[in-house]
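Read the structure below first, then the notes.
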Number of protein chains: 2
Amino acid sequence: MHTSDQRFYAGEFRHSIDEKNRITIPARWRRGDTEEFIILPEATHQFLLVMSPEEFSRMSGAAESDPNVSARDRRIFFRQLHSRAQHGAADKQGRLVLPEDLCKKVELKGEVVLVGGRGRFEIWNLQRRKRAQEEETPTYQHVANVIGL
Amino acid sequence: MHTSDQRFYAGEFRHSIDEKNRITIPARWRRGDTEEFIILPEATHQFLLVMSPEEFSRMSGAAESDPNVSARDRRIFFRQLHSRAQHGAADKQGRLVLPEDLCKKVELKGEVVLVGGRGRFEIWNLQRRKRAQEEETPTYQHVANVIGL
DNA sequence: GGAAGGTGGTTAAAAGTGGGGAAAAGTGGG
DNA sequence: CCCACTTTTCCCCACTTTTAACCACCTTCC
């Protein structure tokens, strides 16, 4: 039930952002023409998060019902969340226009990396992605070992 | 429930990868035309794992519920898993196109070995497969002895 | 010697990228 | 409040590279 209707973006792609801040979404990730997205910088500005409006609702719904978060914190969180998130749509060539300010925040320019995830994908600065990849590899191998992959 | 719809790939085949990174899937392993696969390097880059999207979901579901893995590690694991996995489909000749970067990671070129498994199969570098085979034989014979095979 | 499995190569289609120009949206002045 | 002007957005066309569909051949095994 928790995964049945959820898309999953597989793989990693190296594409470029042009002078108009457009980025081509990998053809395999496209659903149809002029797909809608919510674009949002990751909390520590490491990368951009891109997801469908449905996925965004699902995610914020999870924050709504988490018992470990106080009512006050929740209110602040949601104000921040909605102010940081931006709306975007793909053009007929399958390109997404990224807001200028978000690109600056996560230092996106020229060659970038699109990273698949469950229900969403990420857009990374090339160098930063390499570093993160190296740092996360031991954890990945450890968990893979535990679950017998 | 956990095995009923799970395919079983039997045997070992020595096929070749051509200059376009295409590899013929053994005829006995084929289901129909243009079958879909998820391709994924083994955690320590020993070989490639190939499975159906269903099997992939099943496998990642196992990680979701394992109590030995912390929430933090789980998040990192999933990010890595989805970025490493790639979509692939067989052509009408029953050949699978392997992503260039994955081939490099596990050193696949020319003659390779396809190894059957439960719900998935593996693609090995020829020399490495020979070595692993020899190393694993005593363990196999020991267990076979224990269970009286 | 026929059929099926595996391999190689050519060609057509699709994906990724860049740029020009029309439409739309925002801005200021009369 | 309307009009002119600037700026932004988005749609379309053109080009290059990559991908995948198709065709043909060789080998092996009944």
Side-chain angles (χ1 to χ4, degrees), chain A residues 7 9-39 48 50 85-104 108-116 121-126 129, chain B residues 9-39 48 50 53 85-104 108-116 121-126 129:
Chain A
R7 303 196 45 185
Y9 300 95
E12 205 175 301
F13 297 83
R14 205 166 140 175
H15 283 180
S16 61
I17 294 180
D18 67 20
E19 290 180 357
K20 295 176 179 177
N21 289 331
R22 294 179 299 189
I23 185 167
T24 306
I25 297 167
R28 296 205 163 142
W29 291 1
R30 293 179 210 157
R31 269 281 191 255
D33 279 358
T34 65
E35 198 173 352
E36 298 270 324
F37 292 102
I38 301 292
I39 308 161
L48 284 189
V50 183
Q86 304 218 22
H87 185 89
D91 67 15
K92 290 191 177 170
Q93 278 67 39
R95 288 180 290 194
L96 187 60
V97 182
L98 299 174
E100 176 69 27
D101 57 324
L102 295 190
C103 284
K104 274 194 181 150
L108 297 182
K109 208 185 164 193
E111 294 265 290
V112 299
V113 186
L114 292 131
V115 183
F121 61 90
E122 306 167 354
I123 308 179
W124 286 73
N125 171 293
L126 195 58
R129 174 63 190 161
Chain B
Y9 299 96
E12 199 174 306
F13 297 82
R14 202 166 141 175
H15 284 180
S16 62
I17 294 179
D18 67 19
E19 289 180 357
K20 293 176 178 177
N21 291 331
R22 294 180 298 190
I23 185 168
T24 306
I25 297 167
R28 294 190 175 164
W29 291 0
R30 294 180 209 157
R31 269 277 193 259
D33 280 358
T34 65
E35 197 173 354
E36 294 271 326
F37 292 101
I38 301 291
I39 309 161
L48 283 189
V50 183
Q86 306 231 18
H87 269 301
D91 66 15
K92 289 189 179 171
Q93 279 66 40
R95 288 179 292 193
L96 188 59
V97 182
L98 300 174
E100 175 71 26
D101 58 324
L102 295 189
C103 285
K104 273 192 182 153
L108 297 182
K109 208 183 164 195
E111 294 266 291
V112 299
V113 185
L114 292 131
V115 183
F121 61 90
E122 306 167 355
I123 308 179
W124 286 73
N125 170 294
L126 194 58
R129 174 62 188 163

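By convention in this document, chain letters (A, B, ...) are assigned in the order of the sequence lines, proteins followed by strands, and residues within each chain are numbered from 1.
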Ignoring hydrogens and angles, does a donor from either the side chain of B:Arg22 or the base of C:dG9 sit under 3.5 Å from an acceptor on the other? yes
Partner nucleotide of D:dC3 by Watson-Crick or wobble geometry (both distances under 3.5 Å): C:dG28
Phosphate OP1/OP2 of C:dG6: any B:Arg30 side-chain N/O under 4.0 Å: yes
Closest of D:dC23, C:dG16, C:dT10 to the B:Lys20 side chain is C:dT10
Under 4.0 Å, heavy atoms only, any strand: does A:Ile25 hit a base, just the sugar-phosphate, or nothing? sugar-phosphate
C:dA22 P sits how many Å from A:Asp91 CG, rounded? 19 Å
Quick check for you: to the nearest 0.5 Å, what is the distance between A:Ser16 atom OG and A:Lys109 atom NZ? 13.0 Å
Can you confirm whether A:Glu35 sits close enough to A:Ile25 that some side-chain heavy atom of one is under 4.5 Å from a side-chain heavy atom of the other? no
With a 4.0 Å limit, can you tell me whether A:Arg28 has a side-chain N or O closer than that to the phosphate oxygens OP1/OP2 of D:dA20? yes
Given the structure, check if the side chain of A:Arg95 and the base of C:dG18 hold any donor-acceptor pair shorter than 3.5 Å. yes
For a quick test of reading the model, state the closest non-hydrogen atom pair linking A:Arg7 to A:Trp29 and the distance between them. NH2-O, 2.8 Å
For B:Leu96 and D:dA20, what is the distance between atoms CG and P respectively, to the nearest whole Å? 10 Å
Nearest-nucleotide comparison on DNA chain C, the residue closer to the 5′ end among B:Phe13 and A:Ile17: B:Phe13
Whole angstroms only, please: what is the CD-C1' distance between B:Glu19 and C:dT10? 14 Å
Rounded distance (Å) that lies between atom P of D:dA20 and atom NE2 of B:His87: 13 Å
pair_partner(C:dG20), Watson-Crick or wobble, both distances < 3.5 Å, evaluates to D:dC11
Single hit among A:Ile17, A:Leu108, A:Asp18 for side chain to side chain contact (heavy atoms under 4.5 Å, CB included) with A:Ile23: A:Ile17
For B:Leu126, does its backbone N or O pair with a side-chain atom of B:Arg14 as donor and acceptor, under 3.5 Å? no
Interatomic distance where CD belongs to A:Gln86 and P belongs to D:dT9 [whole Å]: 11 Å
Nucleotide C:dA14, atom P - distance to NZ of A:Lys92 in whole Å: 17 Å
Once you round it to whole Å, what is the distance between C1' of D:dA20 and CD of B:Glu35? 18 Å
Taking atom P of C:dG6 as reference, at what distance in whole Å does atom CD of B:Glu111 sit? 13 Å
From the set D:dC22, C:dG6, C:dT17, return the single nucleotide nearest to any side-chain atom of B:His15. C:dG6
